[in-house]
Asks: 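Here you go, one structure.
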Amino acid sequence: MTTHPSALPVAPGAELELTVDRLAYGGPGVGRVEGLVVLVEGALPGQRLRVRVIRRHRRHVEARVLAVLAESPHFTPPFCRHFGVCGGCRWQHLAYPEQVGWKGRHLEECLAHLGKVAPREFLPPVPSPRRIHYRNKMTFTFAPGPGKSGLRLGLHCWEDPGEVFDLEECHLLGPQTGALVREVRGFCRRLGLAAYEPRRRRGFWHSLMLREGKRTGQLMVHLLTAGREAPPAVEALAGYLQERFPELTTLTHAHLSDRSGGPRAPRLRTLSGPGHLEEELAGVRLRVSPDSFLQPNTEAAELLYEAIGRHGDLSGREVAWDLYCGAGGIALTVAPAAARVVGFELSSQAVADARVNARLNRRENCLFLAGDLAAALRQALADPSLPRPEVIIADPPRAGLHPAVVAALKELAPRRLLLVSCHPATLARDLALLKDAFEVLSAQAFDFFPHTPHLEALAVLARRGG
């Protein structure tokens, strides 16, 4: 987006009237007043608004809606009682076809403006098969609340992400989500233990994660606690939930030490059930542990995996590598079309799951390796017994590819490289780093997160020179 400083004197507190022309990447509406670019959270293309400026930047201002003077033709009534408070489904008042169309445009803009990348073609964005109850995993946060036994459990607020509101309903996971969160919150309040406060590193209840097998109907509750140990409280909550929700498949718990400060350090224990659940995705049965990565939208992931199989152009003779393989979903899906598949993943638990999943699905041509990816690729490059890949699939975290991984991809020089990304800006950066060695054949947006500005993307690259 090209902008120019405006001569219009505008300070915080000033009121303006404008028409919203478009949506910027990340979600805010964009309008102009005498050449001044105005970003308005929650605004929709086609709305005529009165807004108040809340922040001035060199090339634009941020503003908040005071009144809708004329409604957008794409407006649709929000369906959730928490709309406007919750930081989640910020686009639920925008008609769904418009959401999908803007995600496709935002992918094109990011690649063009941030990466200076021009794929041969942009394929049409792919909608999510489900618009509500589409997620298979959600994490809810405990936070201090008012009163002596004050405790909140819910999601982060839109306008103040440091604050947590008490969730009563949620249309992202299954229909039982609201009841589960309410019961956990009420029971924890009665126990009298405080919510964990990260800044002060005190308190006990940290977060509640729910995982659901969309195809299997299995349900997992995972509790994360902090501070001093209090196993009886956790076990009491687990027993209470088993009585109230007999459909629960498994309950697990992990406890952070006072110094750990993050969810990867704690010891995991199983309170009931097998300690994992199973999901079916693209014809593959997957065992998923609490810390294993699985695409959060099962049905949309099946469409992505089908596209990966199609663009991978595997004939049954090739070796394929799956980087950041998680529990093995992509690797096991493409395995029938490959001679051999090697998966690389940092999480040892996820690799253990992937190996079990290979046995469950009788994929005897799969090998899964655990460890830091950059180090693992250096070892793989030096190991003559490990066949070089003709196809590489990479699904990195939001931060994108590590520079050492980019260098390894260039040295490996696979015939076909498929990059999956949940962050178009880092995808643009990675494609820019790779474009001297690979040509970008296509890019396509997949809507894994309806009613939010977030999107998943698949970029298909071919080695230059054949």
Side-chain angles (χ1 to χ4, degrees), residues 128-140 153 167 169-184 187 207-224 234-235 237-254 263 266 268-305 325-333 345 347-363 368 448-449:
S128 172
R130 290 197 202 194
R131 316 290 160 78
I132 61 171
H133 305 315
Y134 61 84
R135 286 191 70 110
N136 55 42
K137 176 186 174 184
M138 286 283 289
T139 299
F140 303 94
L153 176 60
L167 183 124
E169 68 178 22
C170 184
H171 301 268
L172 294 180
L173 205 62
Q176 76 284 354
T177 304
L180 254 166
V181 170
R182 288 194 300 270
E183 292 292 342
V184 171
F187 192 82
S207 58
L208 168 74
M209 184 186 78
L210 306 180
R211 293 194 92 138
E212 179 184 348
K214 292 295 183 183
R215 303 296 194 197
T216 63
Q218 296 180 16
L219 184 62
M220 172 192 290
V221 168
H222 176 64
L223 288 160
L224 187 62
V234 173
E235 288 158 4
L237 174 58
Y240 177 77
L241 290 178
Q242 286 177 286
E243 291 178 4
R244 300 285 290 183
F245 299 94
E247 67 270 27
L248 283 178
T249 305
T250 191
L251 290 96
T252 58
H253 168 238
L268 181 68
R269 63 189 183 115
T270 300
L271 303 172
S272 70
H276 61 264
L277 58 72
E278 292 187 352
E279 177 64 300
E280 291 180 0
L281 201 162
V284 172
R285 188 91 172 180
L286 297 173
R287 187 181 85 170
V288 184
S289 295
D291 62 349
S292 290
F293 174 76
L294 183 68
Q295 295 287 0
N297 185 330
T298 299
E299 294 180 24
E302 290 179 326
L303 300 178
L304 172 66
Y305 287 11
C325 67
I330 294 176
L332 298 172
T333 302
E345 169 60 44
S347 167
S348 57
Q349 181 57 63
V351 167
D353 285 346
R355 290 168 179 165
V356 170
N357 292 333
R359 293 194 294 272
L360 279 176
N361 293 277
R362 299 181 180 179
R363 301 289 199 257
F368 294 99
F448 277 27
F449 311 98

Asks: Is Arg287 salt-bridged to Glu278, going by a charged N under 4.0 Å from an acidic O?
Replies: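 Not counted as a salt bridge, because no side-chain N and carboxylate O are separated by less than 4.0 Å.
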
Asks: Give a yes or no on whether a salt bridge exists between Lys214 and Glu302, defined as a side-chain N under 4.0 angstrom from a carboxylate O.
Replies: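 No, Lys214 and Glu302 are not salt-bridged.
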
Asks: For Gln349 versus Ser289, what's the shortest heavy-atom pair and its separation?
Replies: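 So the two residues come closest at NE2-OG, 3.2 Å.
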
Asks: To the nearest 0.5 Å, what is the distance between CG (Leu251) and CZ (Arg269)?
Replies: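 Answer for the CG-CZ pair, Leu251 versus Arg269, is 11.0 Å.
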
Asks: Side chains of Arg244 and Phe187: does their closest heavy-atom pair fall under 4.5 Å?
Replies: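 Arg244 does not reach Phe187 side chain to side chain.
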
Asks: Is the shortest heavy-atom distance from the side chain of Glu345 to the side chain of Phe368 under 4.5 Å?
Replies: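 With C-beta onward as the side chain, the pair stays apart.
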
Asks: Which atom pair, heavy atoms only, marks the closest approach of Asn136 to Leu173?
Replies: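 Scanning both residues completely, I find the closest heavy atoms to be C-CD1, 3.5 Å.
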
Asks: Determine whether Val221 and Val184 satisfy the following criterion, side-chain contact (heavy atoms from CB on, under 4.5 Å), listing intermediate values before the conclusion.
Replies: CA-CA 10 Å; Val221 168; Val184 171; 5.8 Å; no

Asks: To the closest 0.5 Å, what do you measure between OG1 (Thr139) and CG (Leu210)?
Replies: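 Thr139 atom OG1 to Leu210 atom CG measures 8.0 Å (nearest 0.5 Å).
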
Asks: Work out which heavy atom in Thr270 is nearest to a heavy atom in Gly275; give both atom names and the distance.
Replies: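 Between these two residues, the closest heavy atoms are OG1-CA, 3.5 Å.
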
Asks: Taking side chain as C-beta onward, heavy atoms only, is Leu219 less than 4.5 Å from Gln176?
Replies: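 Counting from C-beta outward, Leu219 and Gln176 do come under 4.5 Å.
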
Asks: Is a side-chain donor or acceptor of Thr250 paired with a backbone partner of Ser272 at a separation under 3.5 angstrom?
Replies: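 A pair under 3.5 Å: yes.
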
Asks: Report yes if some heavy atom in the side chain of Thr252 is under 4.5 Å from a heavy atom in the side chain of Leu223; otherwise report no.
Replies: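 Side-chain contact under 4.5 Å: no.
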
Asks: Nearest 0.5 Å, please: how far is CG in Leu360 from CZ in Arg362?
Replies: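 Here the interatomic distance stands at 10.0 Å.
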
Asks: Check step by step if side-chain contact (heavy atoms from CB on, under 4.5 Å) holds for Met220 and Met209.
Replies: CA-CA 8 Å; Met220 172 192 290; Met209 184 186 78; 4.2 Å; yes

Asks: Could you measure the distance from the CD atom of Glu247 to the CD atom of Glu212? Nearest 0.5 Å is fine.
Replies: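 Rounded to the nearest 0.5 Å, the CD-CD separation comes out at 10.0 Å.
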
Asks: Side chains of Glu279 and Thr298: does their closest heavy-atom pair fall under 4.5 Å?
Replies: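 Glu279 vs Thr298: side chains touch.
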
Asks: Just verifying a value: how many Å separate Leu180 CG and Phe140 CZ, rounded to the nearest 0.5 Å?
Replies: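 Taking CG in Leu180 and CZ in Phe140, the distance rounds to 9.0 Å.
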
Asks: Less than 4.5 Å apart, side chain to side chain, heavy atoms only: is that true for Thr216 and Thr249?
Replies: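 No. Closest side-chain heavy atoms not under 4.5 Å.
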
Asks: I'd like to know if the side chain of Ser128 reaches the main chain of Arg130, judged simply by a donor and an acceptor atom lying under 3.5 Å from each other, with no hydrogens or angles considered.
Replies: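 Pair found, side chain donor or acceptor close to backbone of Arg130.
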
Asks: Between the main-chain N or O of Leu281 and the side-chain N or O of Arg215, is there a donor-acceptor pair closer than 3.5 Å?
Replies: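 The answer is no, because no donor-acceptor pair under 3.5 Å joins these two groups.
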
Asks: Below 4.5 Å, heavy atoms only, C-beta onward: do Asp291 and His222 meet side chain to side chain?
Replies: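 No, side chains not in contact.
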
Asks: Test Leu294 against every option in Leu277, Val288, Asp353 by the side-chain contact (heavy atoms from CB on, under 4.5 Å) rule and name the one that passes.
Replies: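 With Leu294 as partner, side-chain contact (heavy atoms from CB on, under 4.5 Å) holds for just one option, Val288.
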
Asks: Please enumerate all residues that pass side chain to side chain contact (heavy atoms under 4.5 Å, CB included) together with Thr333, with sequence neighbours excluded.
Replies: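 For Thr333, the residues satisfying side chain to side chain contact (heavy atoms under 4.5 Å, CB included) (neighbours in sequence not counted) are Ala282, Val284, Tyr305.
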
Asks: To check you understand the geometry: which heavy-atom pair defines the closest contact between Pro290 and Arg211, and what is its length?
Replies: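 Between these two residues, the closest heavy atoms are O-NH1, 3.1 Å.
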
Asks: If we ignore hydrogens and angles and just use 3.5 Å, is the side chain of Arg135 paired with the main-chain N or O of Leu172 as donor and acceptor?
Replies: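 Answer holds: no.
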
Asks: Heavy atoms only: give me the nearest Ala350-Ser292 pair and the separation to one decimal.
Replies: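 Looking at all heavy atoms of both residues, the shortest contact is CA-OG, 3.6 Å.
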
Asks: Do the non-hydrogen side-chain atoms of Pro175 and His133 ever get within less than 4.5 Å of each other?
Replies: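 The answer is yes; the side chains approach within 4.5 Å.
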
Asks: Ignoring hydrogens and angles, tell me if any N or O in the side chain of Asn361 forms a donor-acceptor pair with the backbone of Arg285 under 3.5 Å.
Replies: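 It does hold such a pair.
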
Asks: Once rounded to the nearest 0.5 Å, what's the spacing between atom CD of Glu183 and atom CG of Leu237?
Replies: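 If we round to the nearest 0.5 Å, Glu183:CD and Leu237:CG are 10.0 Å apart.
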
Asks: Where is the tightest heavy-atom contact between Ala358 and Leu332, given as atom of each residue plus distance?
Replies: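 Shortest heavy-atom separation between Ala358 and Leu332 comes out as CA-CD2, 3.7 Å.
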
